[in-house]
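Chain letters run A, B, ... following the sequence lines, proteins first, then strands; residues in each count from 1.
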Amino acid sequence: MERVNFRSIEKKWQKKFSSSKLTNSKGKKFYCLEMFPYPSGKIHMGHVRNYTIGDVIARFKYLNGYNVLHPMGWDSFGLPAENAARLNNLSPIDWTNSNIKTMKTQLKLLGLSIDWDLEISTCDEDYYKHQQSLFIDFYNSGLVSRKETYVNWDPIEKTVLANEQVINGRGWRSNAVVERRKLSQWFFNISQFSDELLEDLEKLDGWPQKVKLMQKNWIGKSYGCELNFKIQNSSDQIKIFTTRPDTIFGATFIALSPDHFLGHQFKNNVEFIKFKKECSKTGTTEEALANADKIGFKTNLFAEHPFNKEIKIPIYFANFVLMDYGNGAIFGCPAHDQRDFDFAKKYKLPIIKVVSDGNKEHDKMKLIEAYTGVGKMINSSFLNGLSIEEAKIKIIEKVKELKIGGKKTLFRLKDWGISRQRYWGCPIPMIYLEDGSCVPVDKKDLPIKLPPDINLNSPGNPLDHHPTWKNTKDSKTGKPAKRETDTLDTFVDSSWYFLRFCSPKFKKEAFDNEKVNYWMPVDQYIGGIEHAILHLLYSRFFMRAIKVSNTNVNCSEPFQNLFTQGMVCHETYKDKNGNWLYPNEIKKIKSNSAIKISDNSKVTVGPIESMSKSKKNTIDPEEMIEKYGADSVRWFILSDSPPEKDIQWSDTGVAASSKFLQKIWNLNQVIMSNKSKSTNSADEKKFVEKIDLYILKITELINNFQFNVAVAQFYEIYKFFNNHLQKNIRKETLISNIEKVMRLMIPFTPHLANECLEVLNSKNTDKWPKANKELLNNLKINIVVQVNGKTRDVLQMENNTTEKEITKTVLSNLKTSKFLSDKKIVKTIFVKNRIINYILN
RNA sequence: GCCCUCGUGGUGAAAUUGGUAGACACAAAGGACUUAAAAUCCUUGCCCUUUUGGGAGUGCCAGUUCGAGUCUGGCCGAGGGCACCA
């Protein structure tokens, strides 16, 4: 039999795919989008998985009559281009574009149904011009602000570092100790939408619960009480926020953030300056903060207890109080908050219990840690005896009466800092005038282009160092002005690309409203879980921000359905010197031992981890496609593991996939060369019914993203066909049914399926097969027969067989009757078309 | 520390959503074909029984139910998110 040459049929079909679109002009729209890649150089298995899943959905929807939008583009601004440029003495744009070229060719090898006419790249002027325009719209709508904020400052590179660039408190490249430094930065006022972003999560039925929960926690809404403490012998007040106002009588100190305005009073105090310096040494990373020791600075100030003027509360500055949450001030109740407890221990402050767990003995004992559980109030004046919840309500009432505060809702979500001191990003379209004011660039002057001649080798902000770039003129007055030299965070680029895809060539504006209103929201978005919070939240913000200035846009949630796929993993290998080895440098001996090919030395087989360049446990998709064909790679990556879970790459697995696809090809050949047989209509009817069942099942499985189970159905179908080749089934019937099966395979293995369909002379290569549902109503049904809950037999019965008839059969059947004879049936449980259960004593 | 998710053969997993546990695949062992190998195909997979068959069994312990992988409570373990957020 002729073996199929996957490589040659794939080439043939890829040519056709590249010019065909998934357009059904009469169909309902379906926007299928996968997270677009960063053009890092070559595609990796993670891309293969992401885009294969997307392709299955896009093709499946198209075959079912939908009008499908399936675009692809490049998230092409970002730091790696600058680093690569610096290392290889290239320009970032050349490096980026050459990577795009390579990766595009590679993606095409996968046989994806992408409409490349819609391709966009965020580093193109055609793209970032519109981004600058959107920025100006946001600015004019009051959604942009300029604020001072703390950043990770690398004193050698003279630049701001992202949190992930700070390793153990040091700059990742310079190795300098990173400082906390205050810098004026641009912000998108995402916190204006905190409540909306939180509440609308509930409408997102098509999102994984996990992602919604992560966003919810990130937004972090909390209810509490704001209240003012009067400072003794001063007109100043301290406004604090607390979620535990009930513990007010346990307050033994007040702690202020080192950046609190009261600090001005101590600006000449040597000890305070020293303390502040100590605090600024800790970076801004979560890790650094969490591991930091609690330190404080005791002032000579005291606050009055709001409910008992006799009580004087000492005021401290403390490093664990954050300036950008609440008001940068807290009252410390050491007995019922662990941080306050730690602080009180260190500075020997009193610890007063105000919540009792109900055990009188405990009330007298010294605490060894803060008690944060439930209980009744004690030592709390008018609150005594109340529960925590009752006490909270009462205190808030009192605070309102005294006009010193009230109920308050707070969000953890902070505004989105978008300034980056980088070259390879979208320039922020703002200019500084001679009078010191800052205004947006006139829209007709857009795009503000990046200068091609840039020196990336000196530290600091490259655009700022450019000899001429920042010099410009105010278009209104003609007076000289200076450009903003910061560029935008690359998360901005990916916060609206899905809108651009609706009209990627539209010149006038960022997008054509009509097109956006037709295609948006994205019906299925597919990508990695690592973007669960930031990218998705920012995109949700963008959609809302756009609606503020563009009232013609209807959509406010960009992604109707979200699917987050798992990672691709592989074993790791180390040689005898502890160096990582690539899988193709080793030879497996057994499942847990291997040798290095070059010198036969022993290799340590390590744990299975997600593929990463640093651990060298990567498999090159192009090599795999070369060896096994794209369909085999696609087939393998969809088999075995559910798509939301991590998958383990295995050589034997992909080889087996390839063999199976070869068998499918062979099956088609055998059927075509089959000799027609006389029919047995009963056999044939059963055969067709079974195929119809498979059509229904596979359809449902794809709708549920259970691709691994769908793949298993095809293995069964293959066996099923093989078993029926020798039976009395006409050749036409075999052909018409294998044709249906090949149509079912199009989304999974588009090249092979189309090739087979061509051989079968199919006229329906753009339609999903239909199952005859009426036939299925007459199918025989498996009835499980149980005695005392134990399965004793499975009967094949007609649809809707009655309990009486089944019992008759059961009693006449030796296999089951032996369990029932001479015994009294106490009770019978009967579920139609499912089960019958006889209960004996 | 707080929050969430998940524990099923040697492995990846499936299970009509409370109704035949282990579909399908990988790996392993045995066999068929072959002079041989490769390729291909078949069988097996816990315990008792020669077979027919019977029994146990979805991390552990209890509960609800005619019936629990699935529901409830507790424990143990793994993974993830957040984290001086007051």
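Using bins of under 30°, 30° to 60° and over 60° for the plane-to-plane angle, the ring pair A:His570/A:Tyr573 lands in the perpendicular bin. The aromatic rings of A:Phe343 and A:Phe253 lie tilted to each other, with the angle between the two planes from 30° to 60°.
Every residue meeting the salt bridge (Lys or Arg N to Asp or Glu O under 4.0 Å) condition with A:Lys147, not counting sequence neighbours, appears here in chain and number order: A:Asp415.
Contact annotation: A:Arg412 side-chain N/O to B:rC3 OP1/OP2 distance is not under 4.0 Å. In this structure, A:Ser650 does not reach the B:rC26 phosphate: none of its side-chain N or O atoms is under 4.0 Å from OP1 or OP2. Within the structure, every side-chain polar atom (N or O) of A:Tyr838 is placed at least 4.0 Å from both OP1 and OP2 of B:rC66. Contact check, A:Arg792 against B:rG55: a side-chain N or O comes under 4.0 Å of OP1 or OP2.
Comparing B:rA27, B:rC66, B:rA86 by their closest approach to the side chain of A:Ile829 singles out B:rC66. When distances run from any side-chain atom of A:Tyr325 to the nucleotides B:rA14, B:rA86, B:rU20, the shortest one goes to B:rA86. Ranking B:rC3, B:rG55, B:rC41 by closeness to the A:Asn217 side chain, first place goes to B:rC3. The side chain of A:Asn837 lies closest to B:rC66 when the candidates are B:rA25, B:rC66, B:rC4. Proximity note for A:Ile839 (side chain, C-beta onward) versus B:rC66, B:rU20, B:rG12: the nearest is B:rC66.
In this model, no side-chain donor or acceptor of A:Asp793 finds a partner on the base of B:rU20 within 3.5 Å. For B:rC84, its base sits under 3.5 Å from the side chain of A:Lys294 at one donor and acceptor pair at least.
Between the P atom of B:rG79 and the CD1 atom of A:Ile608 lies a distance of 14 Å, rounded to the nearest Å. The nearest whole Å value for the distance from the NZ atom in A:Lys645 to the P atom in B:rU11 is 13 Å. When rounded to the nearest whole Å, the span between NZ of A:Lys719 and C1' of B:rU40 equals 15 Å. Taking atom CG of residue A:Leu701 and atom C1' of nucleotide B:rA13, one finds them 14 Å apart after rounding to whole Å. Between the CZ atom of A:Arg244 and the P atom of B:rC84 there is a distance of 20 Å, rounded to whole Å. Whole-Å rounding puts the A:Leu534 CG to B:rG81 P distance at 12 Å. Rounded to an integer number of Å, the gap from CD of A:Gln338 to C1' of B:rC85 is 16 Å. Distance A:Arg339 CZ to B:rG1 P: 15 Å, rounded to the nearest Å.
Donor-acceptor pairing under 3.5 Å is lacking for the side chains of A:Tyr715 and A:Ser639.
Contacts of A:Lys216 with the nucleic acid, taken as non-hydrogen atoms under 4.0 Å apart, are absent.
The ring of A:Tyr628 has its center no closer than 6.0 angstrom to the ring center of A:Phe636. A:Phe714 has its ring centre less than 6.0 Å from the ring centre of A:Trp635.
For the segment residues 702-711 of chain A, the set of residues with a heavy atom within less than 4.0 Å of an atom of RNA chain B comprises A:Gln706, A:Asn708, A:Val709, in numerical order.
Using atom C1' as the reference point in both B:rG18 and B:rC71, the two lie 8 Å apart (nearest Å). When the C1' atom is compared between B:rG57 and B:rG69, the two are found 11 Å apart, to the nearest whole Å. For the C1' atom pair drawn from B:rC46 and B:rA21, the interatomic distance equals 14 Å after rounding to whole Å. Rounded to a whole angstrom, the distance from the P atom of B:rU40 to that of B:rA27 is 11 Å.
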Determine whether A:Thr809 and A:Thr801 satisfy the following criterion, side-chain contact (heavy atoms from CB on, under 4.5 Å), listing intermediate values before the conclusion. CA-CA 11 Å; A:Thr809 315; A:Thr801 310; over 6 Å; no
Stepwise, does the side-chain contact (heavy atoms from CB on, under 4.5 Å) test hold for A:Met45 with A:Val48? CA-CA 5 Å; A:Met45 279 300 171; A:Val48 172; 4.1 Å; yes
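For the side chain to side chain contact (heavy atoms under 4.5 Å, CB included) with A:Lys221, the lone residue among A:Asp195, A:Leu410, A:Leu413 that qualifies is A:Asp195.
Within 90° of 0 lies the glycosidic angle of B:rU17, which makes this nucleotide syn. Taking 90° from 0 as the syn/anti boundary, the base of B:rG9 is oriented syn.
Remark: B:rC2 base-pairs with B:rG81; criterion is Watson-Crick or G-U wobble with both hydrogen-bond distances under 3.5 Å.
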